[in-house]
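As structure tokens, the structure follows; a few thoughts come after it.
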Amino acid sequence: DQIKFVMLNAATHFEALVREAHAVVLAGGTLQPLEDLFLQVIPTVDRAGVRTLSCGHVINRKNLLTLTIPKGPTGRSFEFVHSKRGDPEMMLDLGRLIVNACKVVPDGVVCFFPSYKYAEEVSALWSRRGILGQIGQKKVVFGEPKAADEVESVLARYKAQIESESDPRGAILFCVVGGKMSEGINFSDRLGRCVVLAGLPYPNIYDQELNERLRYLNEVSAGRPGGAGRRTLHHAAFHWRG
């Protein structure tokens with residue numbers, strides 16, 4: 001059995017801080033939308049006293065191309081929803097697409113999967129059907145390790161392969177969204193000439209914790225009891241799993 005306590009109101013932790021500090025700096029890459037941030041974290045602070053700074057992307061627009069690819073090389077539709085992403089033919093077509101990308105993209109390619117489990121399923125299928133071998137002919141293959149102490153070693157070998165003068169293939173690194181290499185890693189220049197995202201890691205709409213968070217945020221935005229400005233029991237959700 002399991003009982004999980006989830007703190008829904010982050011404002012309770014910031015209240016004393018913003019009251020006593022001379023200045024507070026909130027910095028990050030995913031703070032937007034700011035109005036929601038204010039509502040959830042600093043609801044009692046006068047907006048007139050808040051200064052914001054938003055920077056542009058580090059990559060020049062003319063050097064960045066974003067594509068949404070709806071179908072694979074054989075015409076199989078890419079639908080990476082949970083109920084369809086296990087389709088072997090779609091997984092194989094994803095592999096063929098990556099093989100084609102590796103033929104034309106120099107240096108480093110980074111490919112993200114929605115979860116470790118899905119990455120293992122795809123890798124196993126590609127290995128059985130020869131797709132992984134075809135990718136290996138064009139790029140040296142690396143995978144995100146599950147052990148945190150192995151991340152630096154994998155990244156170092158990935159970088160060394162891309163910069164190798166004796167092997168012009170470059171490298172491809174398979175990662176997981178929300179994993180150890182999806183945050184805080186700078187795949188700059190040659191390390192990330194192409195980034196592939198195989199579907200989006202949408203949360204489970206039936207997850208009880210997610211629904212509690214959404215219910216709370218809806219109440220906050222609507223200004224009903226349980227909002228960020230009130231200390232009620234709705235600041236916490238108790239999740240019992242038998």
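For reference, positions follow the sequence shown, starting with 1.
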If you measure from CD on Glu89 to CG on Leu125, what distance do you get to the nearest 0.5 Å?
8.5 Å

Is Val177 reachable from Val81 through a run of I, L, V, M, F, W or Y residues, each pair having side-chain heavy atoms under 4.5 Å apart?
no

Under a 4.0 Å N-O cut-off, is there an ion pair linking Lys146 with Glu120?
yes

Residues Lys71 and Asp93 bridged, charged N to O under 4.0 Å
no

How many angstroms lie between CZ in Arg19 and OG1 in Thr44, if you round to the nearest 0.5 Å?
8.5 Å

Nearest heavy-atom approach of Val105 to Arg193 is CG1-CB, 3.7 Å

Taking the side chain as every heavy atom from C-beta outward, state whether Leu173 and Phe187 have any pair of such atoms under 4.5 Å apart.
yes

Which heavy-atom pair separates Pro73 from Leu97 by the least distance, and what is that distance?
CG-N, 3.8 Å

Start with the C-alpha distance between Phe113 and Phe174, add both sets of side-chain angles, then the distance that settles side chain to side chain contact (heavy atoms under 4.5 Å, CB included), and finish with yes or no.
CA-CA 8 Å; Phe113 290 103; Phe174 291 106; 3.5 Å; yes

With hydrophobic residues grouped by side-chain heavy-atom distances under 4.5 Å, do Ile185 and Ile162 end up in a single group?
yes

Is the closest side-chain heavy-atom distance between Val140 and Ile172 below 4.5 Å?
no

Roughly how far, to the nearest 0.5 Å, is CG of Asn211 from CZ of Arg213?
11.5 Å

Could you tell me whether the side chain of Val176 reaches within less than 4.5 Å of the side chain of Phe112, counting heavy atoms only?
no

Give the intermediate values and the outcome of side chain to side chain contact (heavy atoms under 4.5 Å, CB included) for residues Leu64 and Asn60.
CA-CA 7 Å; Leu64 178 65; Asn60 191 299; over 6 Å; no

Between Val6 and Glu212, is there a side-chain heavy-atom distance shorter than 4.5 Å?
no

Verdict with supporting geometry, Leu197 and Val195, side chain to side chain contact (heavy atoms under 4.5 Å, CB included):
CA-CA 7 Å; Leu197 182 59; Val195 178; 5.8 Å; no

Can you measure from SG (Cys175) to CE (Met181) and round to the nearest 0.5 angstrom?
5.5 Å

Closest non-hydrogen atoms of Met90 and Lys84, given as atom of the first, atom of the second and distance, are CE-O, 3.6 Å

Nearest 0.5 angstrom please: Ile98 CD1 to Lys139 NZ, how far?
12.5 Å

About how many Å separate CG of Asp87 and CG of Leu94, when rounded to the nearest 0.5 Å?
11.5 Å

Set out, in order, the CA-CA distance, both residues' side-chain angles and the distance that settles side chain to side chain contact (heavy atoms under 4.5 Å, CB included) for Glu144 and Val154, then state yes or no.
CA-CA 7 Å; Glu144 177 177 326; Val154 172; over 6 Å; no

Whether over 12 other heavy atoms sit under 6.0 Å from Arg47 CZ:
yes

Can you tell whether the side chains of Arg85 and Glu121 come within less than 4.0 Å, N to carboxylate O?
no

Considering only heavy atoms from C-beta outward, does the side chain of Arg215 approach that of Asn218 to under 4.5 Å?
no

Over all atoms of both residues, closest heavy-atom pair of Ser164 and Asp167:
OG-N, 3.2 Å

Closest heavy-atom contact between Val50 and Val45?
CG2-CG1, 3.9 Å

Under 3.5 Å donor-acceptor, Asp207 side chain and Leu210 backbone
yes

What pairs with Glu150 under side-chain hydrogen bond (donor to acceptor under 3.5 Å, both in side chains), at least two apart in sequence or on another chain?
none

Ring centre gap for Phe78 and Phe80 strictly below 6.0 Å:
yes

Would you say NZ of Lys180 has more than 12 non-hydrogen atoms from neighbouring residues, nucleotides or ligands within 6.0 angstrom?
yes

Is there a donor-acceptor pair under 3.5 Å between the side chain of Ser77 and the backbone N or O of Glu79?
no

Validation row: Val110, Tyr158 side chains within 4.5 angstrom (heavy atoms)
yes

Residues Lys4, Glu209: salt bridge by 4.0 Å N-O rule
yes

Is there a donor-acceptor pair closer than 3.5 Å between any side-chain N or O of Trp126 and the backbone N or O of Gly133?
no

Can you tell whether the side chains of Asp107 and Arg190 come within less than 4.0 Å, N to carboxylate O?
yes

